[in-house]
**Q** 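Structure in structure tokens, see below.
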Amino acid sequence: MYIKKLPLFIALYLLATISRAQENPKKTPEFLQYTQSAWVDSIMKSLTPQERIGQLIWVSAYSNRGPEHRADILKTIKDWNIGGLVFFQGDPVTQVKLMNEYQNASKVPLMGAIDAEWGLGMRLDSTISFPFQMALGAVQDDDLIYEMGKEVAHQIKSVGLHLNFAPVADVNNNPNNPVINYRSFGEDKFKVAEKSIAYMQGMQDGGLITTAKHFPGHGDTSTDSHYDLPQINHSRERLNDLELYPFKKLINAGINGMMVAHLNIPALDPSGVPSTLSKAIINDLLKDQLGFEGLIVTDAMEMKGVTKGNSPGIVDKQAVLAGNDVLEIVQDVSKAITEIKKAVDKGIISQKTIDARVRKILAAKQWVKLNKYEPLPISNLLQDINNPHALLLERKLTEASLTVLKNEADLLPLKHLDTLKIMSVSIGADKKSTFQKTLDLYTKVDHFTLSMKASQKEMEAIKKELPNYNLVIVGVHDDTPRPRNTIKFSEPVQSFIQTLPFNKTVVAYFKNPYSIDKLNNLENAKGLIVSYQDGESAQDLSAQLIFGGVGANGQLPVGIGKKFKAGDGLTIKGGIRFKYTLPEDAGMDSKTLIHGVDSLMNQAIDLKATPGGQLLVAKNGKVVLHKAYGVKKYNDTAKVSLEDIYDLASVTKISSALPAVMKLYDEGKFDLDKGIADYLKYFKNSNKADANLREILAHQARFNPYITYWKNTLRKNGSYKWSTIKKDSSARFPIKISSNMWLHRNYQKKIFKAIKKSPLLEKREYKYSGLLFMLLPTMIEEITEEDFVEYVDQNFYNKLGATTLTYNPAEKFNKKQIVPTEHDFIFRHLPVHGTVHDEGAAMMGGISANAGLFSNANDLAKLMQMYLNMGTYGGEEYIKASTVKEFTKAQFPDNNNHRGLGFDKPFLEYKGVNSNTAKDASSDSFGHTGFTGIMVWMDPKEELLYLFLSNRVLPTRANTTLYKLNTRTNIQQVLYDAIK
């Protein structure tokens, strides 16, 4: 009623102010509601004045120290009734056991605290470390930081603790800050505030007490308060505008606690005392002016920043007089309590003031439910802490932090892999890095490493290699677990880095971004990625970023000299190639998936259905399982690795000639309604001349399933006919079947003749046949006028980066990398290893569309994912989507034929254990199986890709246990169960 009497502009101003106040009212810390609770009253009545002082005292505790330390803690608890313990290094299980014991010994439940800024991994082994706050400063989605806060709360509570000394709300505007630096969200006060609030709210919503630090701002110091007292000489106006800004916002947002730093700030207190001991800073500024009512905690009272020149006990009393509620890590508990009690007795501080602080501490204990304390269990503790959600969240945060500062000519993500010859150099690594191992997943990369102090000879050797490549990928690594703003590389190594051919170099920088300013010319790299730290996830995801498995939208949280400013960061689109990740990232349950697949695979190995195998599962373009099992052959110790190459048998059909046929179909060079004779004139006068290719590819052209070509080489007495096979090679016998079997150069004509003259089946119905696929390489060569192998290499495999997808692998790879197949006692009379298992394909020189391809699961998956993507992969179109849909649909379902064109599909009706797919595979799904124990299957409905590679034919093809166990389709069903 008064506003209407005021001038209009004043009235509008007041209305806006009232509106803002209503939208963002100052929140009181939630725990304060319990300061006068019945439980707090009962505890207060039970405590003597000295015991009440003990509640203000918290001491350090470790779970990696021996019985003497444990005894000291128990004695301190019993003698002085301390209020809490601050845990440091150790392990989770011991931590819980000790906390249970300490709680049992304490008259009042203990507040358990920990300094876990980036999660339990900061202090406890076998636990998760989330990215440092500087990396989080690059993250644009603060919801992820909130989610991290909730998970950190869950984990800290799971080890019996209740308070985290976090978040760090310091604005780090001094690159040389030795103590905050990478622990800060950055130099932008607004972003520091926003991210601090997100982290705080996540932790508090998770039931954890939080304390913002280091009030009133430790960001612009060049001294470490652990070792001396830093001085900040800024004006009060500057401090209020910048350093204090995040703390004010956190107070308004309802933060529970505030940690006061050991700082000398003349503008706030000209006396020169550390801020921890300053009434002007704690009582006058923090409490009165800023209105903070929550828990006020000192930084560690053992730090030189406060102990220097101050005696134990006296310094603790001064901290209480200044207005602190909790004294963290007191050096001498006896002296501290004695001196504080003296101050109370002398009236320097009132008992009423002490009691109010104790009530505040007890209220915080009730808020974290210590009034209903129960000992914590240790069963499944590590699994609970390292849960799938937390593991994925760590990767999501790392991915979201990746910051691309340079990307000339849109180099990233890399495209046209067939045009690139790539080398990588990991600098600061003593062996092949995780970064390099992940690069290998995408294409062929030649790797080199340089240690921190590499010799001149080592560097010269790499320099000589540089001209041989048109792309150099460099990883600059760190030698410390915490990314400090230092460069420890030797001068020669620094010189090597600064003289790289940056016009063709991509750099992934796994160090503190500030340190880029200490290395000349990095800013001239064609691509520059800041990854902030040198962890496994950072290396893995940075490599994925380079190839487009993931994208990037991180923004630099700090400026780097004159080279880059805070906020710099380019957006890079990801998802064009495989993302290697965890099942939950694709909406699958890891427990169901991993346990189900492992148990079925181990059963198959135990029952000798196969000696081993490789599996790859991808959903939504995300590889969620990529695993090797068992050994390469029975009675051997050589375990299967993910790099090993398997004989794909009939999966060759959909992996070699079929993509070529589809491409030619796109180009109008292959007509499905024409016949073999239209492309191979030799078949014009055959009984197959009228069979159209659509029917042949759908396996209902009345073709015989197979012809045992090798039997035609034998005389009745078992010896080879003179015009077929010889023991040694020659101009007439150049085709190698094995080391002592060489086939006549014209024998392929005999194979074609056998196909041409083979009779047709009576009924035009589905009957699987491989005859056409023996002819397709020649047919494709006739159409393209190119060598078949070169054609599929150039148009598919090289572009996909599928470097192990190849014919005749022994010509390119060490035989140790090739998994053996059968001990052939009927044709070759020796173990088959490094050459194709199928006899017909062997007689074609190993090159057929019926069989002959080899690959590891990862490279084959790239081709299959291209199909699943309806013809695209890596940002390139290989085949039109309409063509993929045509070839992968059932062509003649009305004739009870479930097949596509070349592709297998689910039976029209599910037949239980006799079906060719899992029950839940959709009717849109497609794939193929191979005689050697292979299965690949794609389901567009679920965007699900499944590859199973094995050598079940070892030692003999008579081993059908894999079929009897139904291992492949049972595993496939597990995938659908994991999605459910």
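Keep in mind it's a predicted model, so treat the numbers as computed, not measured.
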**Q** Excluding sequence neighbours, so at least two apart, what forms side-chain hydrogen bond (donor to acceptor under 3.5 Å, both in side chains) with S730?
**A** none

**Q** Output all residues satisfying salt bridge (charged side-chain N to carboxylate O under 4.0 Å, His left out) with E667, sequence neighbours left out; order by chain, then residue number.
**A**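 Once residues adjacent in sequence are excluded, the partners of E667 under the salt bridge (charged side-chain N to carboxylate O under 4.0 Å, His left out) criterion are K663, K669.
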
**Q** Which pairs with one or both residues in residues 848-867 pass salt bridge (charged side-chain N to carboxylate O under 4.0 Å, His left out), sequence neighbours excluded?
**A**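 Every salt bridge (charged side-chain N to carboxylate O under 4.0 Å, His left out) pair that includes a residue of residues 848-867, provided the two are not neighbours, is D859-K862.
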
**Q** Considering residues, nucleotides and ligands other than K684, do more than 12 of their heavy atoms fall under 6.0 Å from its NZ?
**A** no

**Q** Between N850 and S848, do the side chains contain an N or O donor and an N or O acceptor separated by less than 3.5 Å?
**A** no

**Q** Just wondering, are more than 12 heavy atoms of other shown residues or ligands nearer than 6.0 Å to CG in D636?
**A**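 Buried by this count: over 12 neighbours within 6.0 Å.
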
**Q** Give me each pair satisfying side chain to side chain donor-acceptor pair (under 3.5 Å) with a member in residues 817-829, each pair once, sequence neighbours excluded.
**A** E822-H837, E822-R957, D824-R828

**Q** Could you tell me which residues satisfy side-chain hydrogen bond (donor to acceptor under 3.5 Å, both in side chains) with K579, sequence neighbours excluded, listed by chain and number?
**A**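 side-chain hydrogen bond (donor to acceptor under 3.5 Å, both in side chains) check on K579 returns E399, D585.
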
**Q** Within a strict 4.5 Å, meaning less than it, do heavy atoms of the F773 and T652 side chains meet?
**A**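 F773 vs T652: side chains apart.
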
**Q** Might you confirm whether atom CG of N746 has over 12 heavy atoms from other residues, nucleotides or ligands at distances under 6.0 Å?
**A** yes

**Q** Strictly by salt bridge (charged side-chain N to carboxylate O under 4.0 Å, His left out), give each pair with a member in residues 718-732 just once, sequence neighbours left out.
**A**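 Listed once each, the pairs would be none.
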
**Q** Could you tell me whether R952 sits above the aromatic face of F931, with NZ or CZ closer than 6.0 angstrom to the six-membered ring centre and within 45 degrees of the axis?
**A** yes

**Q** With salt bridge (charged side-chain N to carboxylate O under 4.0 Å, His left out) as the rule and sequence neighbours excluded, what pairs involving residues 792-808 come up?
**A**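 Non-adjacent pairs meeting salt bridge (charged side-chain N to carboxylate O under 4.0 Å, His left out): zero.
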
**Q** Please confirm whether the backbone N or O of D644 pairs with a side-chain atom of N856, one donor and one acceptor, at under 3.5 Å?
**A** no

**Q** Crowded around N685 CG? As in, over 12 foreign heavy atoms under 6.0 Å?
**A** no

**Q** Applying side chain to side chain donor-acceptor pair (under 3.5 Å) as the test, list every pair that has at least one member in residues 769-783; sequence neighbours left out.
**A**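 Every side chain to side chain donor-acceptor pair (under 3.5 Å) pair that includes a residue of residues 769-783, provided the two are not neighbours, is Q748-T778.
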
**Q** What residues form a side-chain hydrogen bond (donor to acceptor under 3.5 Å, both in side chains) with T961, not counting sequence neighbours?
**A**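 Expected list: N959.
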
**Q** Mind jotting down which residue pairs meet the ring-ring contact (aromatic ring centres under 6.0 Å, His included) criterion with at least one end in residues 897-924? Sequence neighbours excluded, please.
**A** Y766-H898, Y867-F903, H898-F907, F903-F926

**Q** Under the salt bridge (charged side-chain N to carboxylate O under 4.0 Å, His left out) definition, can you give me all pairs with a residue in residues 911-924, not counting sequence neighbours?
**A** D920-K980

**Q** Would you call R694 and E886 a salt bridge, using N to O less than 4.0 angstrom?
**A**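 Salt bridge present between R694 and E886.
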
**Q** Could you tell me which residues satisfy side-chain hydrogen bond (donor to acceptor under 3.5 Å, both in side chains) with N895, sequence neighbours excluded, listed by chain and number?
**A** Q700

